[in-house]
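Working notes for the structure below.
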Amino acid sequence: MEISNKISQAVVAGIRELYGQEVTADSVQLQETRPEFEGNVTLVVFPYLRMSKKRPEETAQQLGEYLMQTVPDVVAKFNVVKGFLNLVIAPAQWILLLQEIRSQERFGFRPVTDESPLVMIEYSSPNTNKPLHLGHVRNNLLGWALAQVMEANGNRVVKTNIVNDRGIHICKSMLAWLRWGNGETPETSGKKGDHLIGDYYVAFDKHYREEVKQLAAQYVLGGLPAEEAEEKAKQEAPLIKEAHAMLVKWEQGDPEVRGLWKKMNEWVYAGFDETYKALGVSFDKIYYESDTYLEGKEKVEEGLQKGFFYRRPDGSVWADLTKEGLDEKLLLRSDGTSVYMTQDIGTAKLRFQDYPIDKMIYVVGNEQNYHFQVLSILLDKLGFKWGRDLVHFSYGMVELPNGKMKSREGTVVDADDLIQTMIEDASQMSADKVNKLEDITPEEAREIARIVGMGALKYFILKVDARKNMLFNPEESIDFNGNTGPFIQYTYARIRSILRKAKAQGIEVPDVLPTTAQLSDKEISLIQHLNNFADVVRQAGSDYNPSCIANYCYDLVKEYNQFYHDFSVLKEEDKEKQLVRLALSEAVSKVVRNGLGLLGIEVPERM
RNA sequence: GGUCCGGUAGCUCAGUCGGAUUAGAGCAACAGCCUUCUAAGCUGUGGGUCAUGGGUUCGAGCCCCAUCCGGAUCACCA
């Protein structure tokens, strides 16, 4: 950064002096020089041709000479290829840059202060009637990573979760449990609470479908067309009517229903907590829909009085968004009950009461793009200052090789199963390399397997651009070769091993490196690559896109691996070179650890 | 139909602010490399009409327009 800043400023001065024009330092285009040309940094001079009124080669030549004269300590040599000015940077500058990167524990991160903007990130947002599945895993990993990235960019971050703990779906599980459960609990069954409740939800669905089928057949015999019969049966089936009755009781605060609801939700939360812990995610503040769903009504009434919304003859309340190019949107049903949108408004209200939010980010699947477009407009109308600029961090669906990832189609991948499988596979993997793990205790081995297995899972999901649909191939995800988390972790562990051995041999890397050390092109390239980390973190923050960090870490480690095979750091005889390479290795390990850390991926000291 | 998003190697994915005669990784296939700081690695070979057609300019996988294909969404569901 230092180097390109110096050059950028010198170029700005050069343009002013040579051509009498003003350009900003930001607009100066610098890039890494292609390996086939001599140089480290390349200035693109095409943008200045209009100012110089000269051919590209001449312009580049003039600027090159100017730089040599004004910043001789930085620019050692230059050459011109068409409109590209290739600059050879003085080796000492690279050493200084490496030293700077190495000296900072969190290079590329921006500090967070009390004055930093407050960003609230909502993610996870589960329903309490089912265990978490692969889609939730993507949500949780993205949400956590994004929170880390925002913090690294100098924001105060509040991670929040809105738990959908009420509604007809929970009543279905409750009803099924009452009917077929025989008082089964997580303790008596040995099942995780969320799985237990999920099983009853499935049981409800099975019996319900059976009822619908029989009922529909009766209606057909009675002379109804098949489609109509099924539609009617879905509404008239005794089970669903009973579930609805239970929901009404819940809303009326019936003590028995509320008591059961509370008990069963507690089981689910205990189960979720285990999964969250395994995923390594957490929240600063959890909201429950049962607390917020009534709040939205108040806000809607307020908007109604201010004339933002209108009431239809049947009593339902609507927002007319046709001016914004959208449709009309229902906010309150004719019976006065709230809908999804109303609840989100209510949650927003409570959040704003609790925190002075500057920016709100919702991590929610892309099937809700329209919902958040509408929510943004509504919140803005209702006077939330962050409403207009709310960010819907919209991620794509996770698909499976044999079809869609949709809960109703029954092809879900359960989050807990997945986590367990990944860790077991990692464990198996290291067992195959048992010769390396001789001096490791079983506890350490388990911990390494956990770190590696979770790293594999997290990296596999986070390396893909969040907004794209992604394919989750279970077989491929447990392949630890290639562009994977374990590959990066492995390189990290090797570097740590080198550093340990160097220390054992009494080699200490001083804070101030010898600036006279000779650097190869590969080493310079690695330093440049390391330096890019700061830009990547910034980009991830401004684009709300953690995937570029994952890909950056892979590229960096890949480059280091090539380096690793060319040099033997510990056997290097030239002490200056050795120190520089050790420093470089250490810097790589540090940046990789910080980069993966932003993604919630841990690194093992050995593996 | 309206709106939004995607289409890059057989497969999974990168591709930064539009930059360099040759668009990159990994997987899969084939051929090499462990007496060498951890081979979960490295090197090499083969594999591409960047969906299609126009446009913008010194220069386009990237920007603009049109078309084709795929997905999402447009509920008194959440």
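First the proteins, then the strands, lettered A, B, ... as listed; each starts at 1. As the structure is a prediction and not an experimental result, all values here were calculated from the model. Atom set for the values below is all heavy atoms of this structure, side chains included, hydrogens, waters and symmetry mates excluded.
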Below the 4.0 Å mark, does [N] have OP1 or OP2 next to a side-chain nitrogen or oxygen of [X]?
{"X": "A:Y564", "N": "B:A39", "value": "yes"}
{"X": "A:K558", "N": "B:G41", "value": "no"}
{"X": "A:K329", "N": "B:A75", "value": "no"}
{"X": "A:R606", "N": "B:U38", "value": "no"}

If I pick the [atom1] atom on [M] and the same atom on [N], what distance separates them, to the nearest angstrom?
{"N": "B:C65", "M": "B:G24", "atom1": "P", "answer": "29 Å"}
{"N": "B:C17", "M": "B:C63", "atom1": "C1'", "answer": "12 Å"}
{"N": "B:U16", "M": "B:U8", "atom1": "P", "answer": "16 Å"}
{"N": "B:U22", "M": "B:A39", "atom1": "C1'", "answer": "31 Å"}
{"N": "B:G6", "M": "B:C13", "atom1": "P", "answer": "15 Å"}
{"N": "B:A51", "M": "B:G7", "atom1": "P", "answer": "8 Å"}
{"N": "B:G46", "M": "B:G41", "atom1": "C1'", "answer": "22 Å"}
{"N": "B:G18", "M": "B:A31", "atom1": "P", "answer": "44 Å"}

Whole angstrom is fine here: how far is it from [atom1] in [X] over to [atom2] in [N]?
{"X": "A:I498", "N": "B:A39", "atom1": "CD1", "atom2": "C1'", "value": "14 Å"}
{"X": "A:N481", "N": "B:G26", "atom1": "CG", "atom2": "P", "value": "11 Å"}
{"X": "A:R496", "N": "B:A40", "atom1": "CZ", "atom2": "P", "value": "20 Å"}
{"X": "A:I377", "N": "B:U3", "atom1": "CD1", "atom2": "P", "value": "15 Å"}
{"X": "A:F372", "N": "B:A72", "atom1": "CZ", "atom2": "C1'", "value": "15 Å"}
{"X": "A:L332", "N": "B:A75", "atom1": "CG", "atom2": "C1'", "value": "16 Å"}
{"X": "A:E399", "N": "B:G7", "atom1": "CD", "atom2": "P", "value": "13 Å"}

Counting only N and O atoms by type, is there a donor-acceptor contact under 3.5 Å from the side chain of [X] to the main-chain atoms of [Y]?
{"X": "A:N153", "Y": "A:V537", "result": "yes"}
{"X": "A:Q489", "Y": "A:I451", "result": "yes"}
{"X": "A:Y208", "Y": "A:K234", "result": "yes"}

| field | Upstream residue (5' side of RNA chain B) when A:E605 and A:N366 are each assigned their closest nucleotide | value |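 Between the two, 5'-proximity favours A:E605.
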Compare the minimum distances between each of [options] and the side chain of [X], then state the nucleotide with the smallest one.
{"X": "A:N369", "options": "B:A40, B:C4, B:G26", "result": "B:C4"}
{"X": "A:R333", "options": "B:C77, B:A40, B:U38", "result": "B:C77"}
{"X": "A:Q562", "options": "B:U43, B:A40, B:U38", "result": "B:U43"}
{"X": "A:S497", "options": "B:A78, B:C37, B:U73", "result": "B:C37"}

Can you name the residues that form a side chain to side chain donor-acceptor pair (under 3.5 Å) with [X], not counting sequence neighbours?
{"X": "A:E559", "value": "A:S525, A:H529"}
{"X": "A:Y459", "value": "A:N483"}
{"X": "A:T42", "value": "A:T33, A:N86"}
{"X": "A:D194", "value": "A:K192"}

| query | Which ranges of RNA chain B pair up as stems, where a stem means three or more consecutive Watson-Crick or G-U pairs with both distances under 3.5 Å? | reply |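 Stems (3+ consecutive pairs) listed as B:1-7 with B:68-74, B:10-13 with B:24-27, B:29-33 with B:41-45, B:51-55 with B:63-67.
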| task | Nearest 0.5 Å please: distance from the CD1 atom of A:I495 over to the CG atom of A:L582. | result |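 Spacing of CD1 (A:I495) from CG (A:L582) equals 11.0 Å.
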| Is B:C4 in the syn or the anti form, by the rule that syn lies within 90° of 0? |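 Base orientation relative to the sugar is anti.
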| said: Please classify the glycosidic conformation of B:C17 as syn (within 90° of 0) or anti (everything else). | reply: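 Glycosidic conformation of B:C17: syn.
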| What does nucleotides 10-24 of chain B look like as a protein-contact string, B for base, S for sugar-phosphate only, - for none, at under 4.0 angstrom between heavy atoms? | --SSS-B--BBS---
| task | Could you tell me which residues satisfy salt bridge (Lys or Arg N to Asp or Glu O under 4.0 Å) with A:D335, sequence neighbours excluded, listed by chain and number? | result |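 Partners of A:D335 under the salt bridge (Lys or Arg N to Asp or Glu O under 4.0 Å) test: none.
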Describe the nucleic acid contact of [X] in one word from base, sugar-phosphate, nothing, applying a heavy-atom distance below 4.0 Å.
{"X": "A:E289", "value": "sugar-phosphate"}
{"X": "A:A502", "value": "nothing"}
{"X": "A:Y554", "value": "sugar-phosphate"}
{"X": "A:V569", "value": "base"}
{"X": "A:F480", "value": "base"}
{"X": "A:Y370", "value": "sugar-phosphate"}

| request: Locate the shortest heavy-atom distance separating A:A449 from A:I423; write the atom from each residue and the value. | output: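 Minimum heavy-atom contact is CB-O, 3.9 Å.
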| task | With sequence neighbours excluded, give me every salt bridge (Lys or Arg N to Asp or Glu O under 4.0 Å) pair touching residues 481-509 of chain A. | result |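 Pairs touching residues 481-509 of chain A that pass the test: A:R496-A:E605.
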| said: So, using ring pair (Phe, Tyr, Trp, His ring centres under 6.0 Å) as the criterion, who are the partners of A:F567 when residues are at least two apart? | reply: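 A:F567 satisfies ring pair (Phe, Tyr, Trp, His ring centres under 6.0 Å) with A:F563 once adjacent residues are dropped.
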